[in-house]
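Have a look at the structure below, then the notes.
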Amino acid sequence: GFAGDTITQATIEDGLPRAKKELDVASTSADGFAPLHACLGSAHPYGALDRPCRVSSIGAAEVAARLRRYYNPKSAVLVLVGDLDAGAAEQAVRRLFGPLASAPITQLPNLARTAVSRLVSFTAAIPGQFSALAWETPAYLAPDDAGLDVVALLLTRRLEARSLCREIWVGQRSLRLTSVFVASCAQPKISSDTWRAALQEELRALAEHRVPASEIGSAVLRRVFIAGERYDDLFGRAALLAASVQTGHGLQIVPKTIQSYADTDAQDVAAIVRRHLLRPADGQVEVRPTDITSASNAWRESDTDAMFRAPVEARSRLSPAAVDWPRPPANGPARRFVPPTGLTETLPNGDQFRFVERAGVPVAYVNWQIPWPDGELDVAATSVLARLLGRSTASG
């Protein structure tokens, strides 16, 4: 309620470097601003987000006015999640938030995409060419929104199997006004035309029921797992409830969302692809590489690559005994960490599995405790997890 009152020119100048850095990275990211701009155009609120050239000219008065216009109690949804007394909680909410001054609700614009496909092309400090296609898809929590997440996972797996790019990413940015479905290729091994042709082949295979039902079922279970994990967290659950109230979907959205993934089958996948993805893409992004060494904020194609290589500094800190990654179980001496080779193999260091069930789907978890003598865990844990991930027999 008072966020606008705290904005001064000093706070703006302090935040500008971070804002510029975020915009630089997002411009060359598959889930960043460039696909939104290519798909929706600058006349759309989301398509106009990529404005790094204007960031430096924004002043305190403009930021404060925006906060007061959009971020005020009239536009807010307050969600309390957990074991609480509803009556006492309501009294506290009214006492703490009731006196806040509000403002009229700002009506959301009703903008439709144009029929013209857009090409956004630029250069950036990246290790190789980046190419993406984007389609406008239904808004967050609307029909087909969950099914398109399943389609994205299927396409990612099937395109990765073709090994046409250094990295394939297919995903959907589900947003309140509309969503954007993005398929991207970082560092194509032959040409951008090759991976785009492969994408079209896979889309036709899904639309024509030529993908095994077992493969679709595997993707559905994975999406159920992801949704269960996301909404098991209190913050994730609160965020989903807030979005559901704002968009008029009611309060029982958590089980509905998980069930919408679980109910997706081959017929749904084929129909969704035919409805939304067989038409020409609404936008295309092509990024050409420049000298990555001269960039102050070089884009990295994948943040997970480092997990498969132990950092150089890790070896210099390890004593010969620590190289064996000791984990002393309660019933014996320390043993070298040995990743499991199967899904149900008993772990040699005594750690336990935990089983839960979500929407009728059994899910297994396992946690390892890895001590680190110097009190810094990350460099040891990433190397151990890299060995585990490299040997996993389960996709994903």
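The figures here come from the full heavy-atom set of this structure, side chains too, leaving out hydrogens, waters and symmetry mates. A quick note: this is a predicted structure, and the numbers were derived from the prediction, not measured.
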(message) For a quick check under 3.5 Å, do T178 and E136 share a side-chain donor-acceptor pair by atom type?
(response) yes
(request) Verify the cluster assignment for V254 and F235: are they in a single hydrophobic cluster under the rule of side-chain heavy atoms below 4.5 Å apart? (result) no
(request) Give a yes or no answer on whether the side chain of N72 reaches the backbone of R68 with a donor-acceptor pair at less than 3.5 Å. (result) yes
(request) Could you tell me whether the side chain of S191 reaches within less than 4.5 Å of the side chain of Q129, counting heavy atoms only? (result) no
(request) Over all heavy atoms of both residues, which pair between A207 and L278 is shortest? Give the atoms and the distance, please. (result) CB-CD1, 4.0 Å
(message) For a 4.5 angstrom cut-off between non-hydrogen side-chain atoms, does L206 reach R210?
(response) no
(message) For Y140 and D145, which I'm curious about, is there any donor-acceptor pair between the side chains at under 3.5 Å?
(response) no
(message) Can you give me the closest heavy-atom contact between H37 and G47, atom names plus distance?
(response) ND1-O, 2.9 Å
(request) With the side chain counted from C-beta on, respond yes when H276 and Q172 share a heavy-atom pair under 4.5 Å apart, and no when they do not. (result) no
(message) I'd like to know if R94 pairs up with E90 as an ion pair, taking the criterion as any Lys NZ or Arg NE/NH1/NH2 lying under 4.0 Å from an Asp or Glu carboxylate oxygen.
(response) yes
(request) Under the side chain to side chain contact (heavy atoms under 4.5 Å, CB included) rule, what do T11 and T6 come out as? Steps first, then yes or no, please. (result) CA-CA 8 Å; T11 60; T6 67; over 6 Å; no
(request) Check whether any side-chain heavy atom of R204 sits under 4.5 Å from a side-chain heavy atom of E201, and report yes or no. (result) yes
(message) Within this structure, what is the OG-CZ distance for the pair S192 and F130, rounded to the nearest 0.5 Å?
(response) 10.0 Å
(request) Please name the pair of heavy atoms, one in L164 and one in A198, separated by the smallest distance, quoted to 0.1 Å. (result) CD1-CB, 3.4 Å
(request) Decide side chain to side chain contact (heavy atoms under 4.5 Å, CB included) for L199 and L155; before the verdict, give the C-alpha distance in whole Å, the side-chain angles of both, and the deciding distance to 0.1 Å. (result) CA-CA 8 Å; L199 173 63; L155 289 172; 4.2 Å; yes
(message) Side-chain heavy atoms nearer than 4.5 Å, only ILVMFWY residues, links allowed to pass through others: does that put L277 and L153 together?
(response) no
(request) Verify the distance criterion only: is there a donor paired with an acceptor across the side chains of S121 and R288 at less than 3.5 Å? (result) yes
(message) Do E286 and Q284 pair up side chain to side chain, a donor and an acceptor below 3.5 Å, judged on atom types alone?
(response) yes
(message) So which atom in A60 and which in Q9 form the shortest heavy-atom distance, rounded to 0.1 Å?
(response) N-OE1, 3.2 Å
(message) Counting only heavy atoms from other residues, nucleotides and ligands, does the tally under 6.0 Å from NZ of K189 exceed 12?
(response) yes
(message) I'd like to know if the side chain of R118 and the backbone of C39 have a donor-acceptor N/O pair within less than 3.5 Å.
(response) yes
(request) Write down the atom of A30, the atom of S184, and the distance for their closest heavy-atom approach. (result) CB-OG, 3.3 Å
(request) State, with a plain yes or no, whether a side-chain heavy atom of S57 is found less than 4.5 Å away from one of E62. (result) no
(message) Please determine whether residues L203 and I272 belong to a single hydrophobic cluster, defined as Ile, Leu, Val, Met, Phe, Trp and Tyr linked transitively by side-chain heavy-atom distances below 4.5 Å.
(response) yes
(message) Please report the interatomic distance CH2(W195) to CD1(I190), rounded to the nearest 0.5 Å.
(response) 14.0 Å
(request) Keeping the roles fixed (side chain from S174, backbone from S179), state whether a donor-acceptor pair exists under 3.5 Å. (result) no
(message) Quick one about S56 and K20 (side-chain donor to acceptor, distance below 3.5 Å, no hydrogens or angles considered), yes or no?
(response) yes
(request) May I ask you to decide if G147's main-chain N or O and D144's side chain share a donor-acceptor pair within less than 3.5 Å? (result) no
(request) State the CG-SG distance between L159 and C165, to the nearest 0.5 angstrom. (result) 7.5 Å
(request) Evaluate the side chain to side chain contact (heavy atoms under 4.5 Å, CB included) criterion for residues W135 and L133: first the C-alpha distance (whole Å), next the side-chain angles of each, then the deciding distance (0.1 Å), finally the verdict. (result) CA-CA 7 Å; W135 291 261; L133 296 175; 4.0 Å; yes
(message) What's the separation between atom CG in L251 and atom CG in L240, rounded to the nearest 0.5 Å?
(response) 10.5 Å
(request) Could you tell me which non-hydrogen atom of A270 sits nearest to which non-hydrogen atom of H209, and how far apart they are? (result) CB-CE1, 3.5 Å
(request) State, without any angle test, whether D282 and S117 hold a side-chain donor-acceptor pair at a distance under 3.5 Å. (result) no
(message) When you compare the side chain of V63 with that of L67, does any pair of heavy atoms fall below 4.5 Å?
(response) yes
(message) Among V285, V182, V180, exactly one meets side chain to side chain contact (heavy atoms under 4.5 Å, CB included) together with L36. Which residue is that?
(response) V180
(request) Measure the CG-CG distance between L80 and L241 for me, rounded to the nearest 0.5 Å. (result) 10.5 Å
(request) Check the pair T156, W169 against side chain to side chain contact (heavy atoms under 4.5 Å, CB included), reporting the backbone distance first and the verdict last. (result) CA-CA 6 Å; T156 297; W169 186 88; 5.9 Å; no
(request) Determine yes or no for a side-chain-to-main-chain donor-acceptor pair under 3.5 angstrom, with S244 supplying the side chain and I253 the backbone. (result) no
(request) Could you pull out all residues at least two apart from D193 that satisfy salt bridge (Lys or Arg N to Asp or Glu O under 4.0 Å)? (result) R196
(request) Give a yes or no on whether L96 atom CG has more than 12 heavy-atom contacts from other residues, nucleotides or ligands under 6.0 Å away. (result) yes
(request) Examine the side chains of T257 and S260 and answer whether a donor and an acceptor come within less than 3.5 Å of each other. (result) no
(message) Looking at R158 and E215, is there a salt bridge between them, counting it only when a charged N and a carboxylate O are closer than 4.0 Å?
(response) yes
(request) Verify the distance criterion only: is there a donor paired with an acceptor across the side chains of T264 and R223 at less than 3.5 Å? (result) no
(message) Looking at Y46 and L177, would you say the former's side chain and the latter's main chain have a donor-acceptor pair under 3.5 Å?
(response) yes
(message) Return the CZ to CG distance between F97 and L78, rounded to the nearest 0.5 Å.
(response) 5.0 Å
